[in-house]
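Indexing begins at 1, ligand by ligand and atom by atom, following the structure's order. Here the structure is a predicted model, which means the values were calculated and not measured.
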Amino acid sequence: MAFIIFLTLAITIFFILIFRIITSSPGSKLPPGKTGWPILGENLSFMVNPAKFISDRMKKYSANIFQTSLAGAKMSIFCGASGNKFIYSNESKFKTWLPPTLVDVLSLTNIDSTSSPWKLFDEQLHKFLRLESMQHYVPIMDTKVREHLEKHWAPFNQVKVLPLSKEFTISLFCNLILKIYDSDQIKELAKPYHTLVKGIISVPLNLPGTPYNHAVKASKLIRDKLVELVRQRKMEVLEKKDHVNVDDVDFLGGLLRASIEGGDFISEMELVGKIVALLFAAFHTTSNTITFLMAHLAEYPDVYEKVLQEQLEIAQSKEKGEILNWKDIQKMKYSWNVVCETMRLKPPALGGFREASTDIHYGGYTVPKGWKVHWSVYSTHIDPVHFSEPERFDPSRFEEKQGRGVYVPFGLGPHMCCGREYARIKVLVFLHNVVTRFRLSKANPNERVIYTPDPVFVDGLRINLCSQKE
Ligand code: HEM
């Protein structure tokens, strides 16, 4: 019996070796690195601190490329400005890939961005989020931020920034993307959404009671509610009850109209899966940026004073209580440098994932077809080659233009984040309203930051507020 098992193993290994020899081109060499434990790969080290994970391996293996295993897949990580640029300018060699847990929980049946439903969705999304359209949303965002601060910040001496900014993010998303204004309806979506986000980064064990199982159930609940909404909105579009005023066109309305007019129907389930995924892309990113921005303002009084001066000049150039507009956003130059430095040190997104559609030769190594690929913001943002004393918070770094592929919180190239203008306006409008109303100090100056793998304050960042008038 033992001999038969031994023989079977030997034959299998022999064929695997022959297959590797046949399929690898002469001279092809896999990137250096190791794939860690079976199944787990190197997930744990990555999750505990992705910044350290990347910089340790860049030092140990290669500053250009190394291999690992993450999210159950063999993966090559392209590093440095050259690695980033290689991916951004060779997108035809890659296809879209997302970690399978994300695809499962969000029920994304089809993530091929070249397929017909994705194309229409992407076209409409880019149309909605492009700079010219976003300019119209400055006054709306300003009004929403004022309402939020009046209700959730002004009555208190202390606030927890992260949960509040998440609440604000979902609410704004519901208003602008889905045209949902009813607060109960927003709460009905927000509650399961928090469960979904918690479970999506847990161990993918779909057994009753596990966080992952809760996430799968929460995702279904959200999608069921969104299907109802999509049906109702479709009826409104068909009956031409939907507004067609350019300042009031939400993303969903625009998409349904284009889909009906063009006869290119996206299935309801596919559509709501993509909406949940879109909220996922907007959720952590903008709420984390606001949170770390508030932390930096509280920590660095000199930076706060300079931001305040800039924002007061804008406020004083307007009538009392007058709403912000696009021109005001363009004046927020120093404030934007502060946001950029915040996103450099605490990147709201890890980077991007792809799958190699062909064997890819880079830096003297070959990434075999089918391997997953990751570019990471950490490979440049905290590298002293690009940013001297990289741990130091210094917004003046952004007075000078950064080299291509170096500072990439939103990525670059064809897959660059299409929500970047939405994010920029939202964060700057939030900043304007906070500093012109409040002085900030950290309730616990020692509150720790952990990685999940995104950086987060363990206690949600408690901030003491003091009114500017006092
Ligand atoms: C501070 C805020 C944000 C940051 C730092 C950020 C960052 C990123 C990054 C790094 C990517 C991956 C690019 C790649 O794969 O190469 C991405 C993609 C994407 N983001 Fe954002 N994002 C932010 C906010 C948003 C918002 C508010 C939305 C939507 C309203 C959004 C929608 C998307 C979409 C749809 C993609 C996929 C683009 C594609 O594959 O073509 N993001 N984002």
Check [Y] with [X], please: is the shortest side-chain N to carboxylate O separation under 4.0 Å?
| X | Y | answer |
| --- | --- | --- |
| Glu228 | Arg231 | no |
| Lys160 | Glu167 | no |
| Lys306 | Asp302 | no |
| Lys442 | Glu299 | yes |
| Arg439 | Glu305 | yes |

Proximal ligand 1 atoms for [X], defined as those under 4.0 Å from one of its heavy atoms:
| X | result |
| --- | --- |
| Pro409 | 5 (C), 7 (C), 10 (C) |
| Gly351 | 10 (C), 12 (C) |
| Thr289 | 1 (C) |

Is there a polar contact between ligand 1 and Trp375, counting only N or O atoms under 3.5 Å apart? yes
[X] contact mode with ligand 1 (heavy-atom cut-off under 4.0 Å):
| X | value |
| --- | --- |
| Arg354 | side chain |
| Phe173 | neither |
| Leu125 | side chain |

Angle between ring planes, [X] versus [Y], binned at 30° and 60°: parallel, tilted or perpendicular?
| X | Y | answer |
| --- | --- | --- |
| Tyr61 | Phe66 | tilted |
| Trp153 | Phe430 | perpendicular |
| His296 | Tyr300 | tilted |

Just the protein N/O/S atoms under 2.8 Å from atom 21 (Fe) of ligand 1, please, no waters.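 Protein N/O/S atoms under 2.8 Å of atom 21 (Fe) of ligand 1: Cys417 SG.
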Going by side chain to side chain donor-acceptor pair (under 3.5 Å), Thr68 matches just one of Lys74, His374, Glu42. Which one? Glu42
Return a yes/no value: protein heavy atom under 4.0 Å from atom 36 (C) of ligand 1?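 So atom 36 (C) of ligand 1 lacks protein heavy-atom neighbours under 4.0 Å.
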Where is the nearest protein heavy atom to atom 38 (C) of ligand 1: which residue, which atom, and how far?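 It is His415 O, 3.7 Å.
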Cationic tip of Arg397 above Phe387 ring, under 6.0 Å, 45° of axis: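 Ring-cation test returns no.
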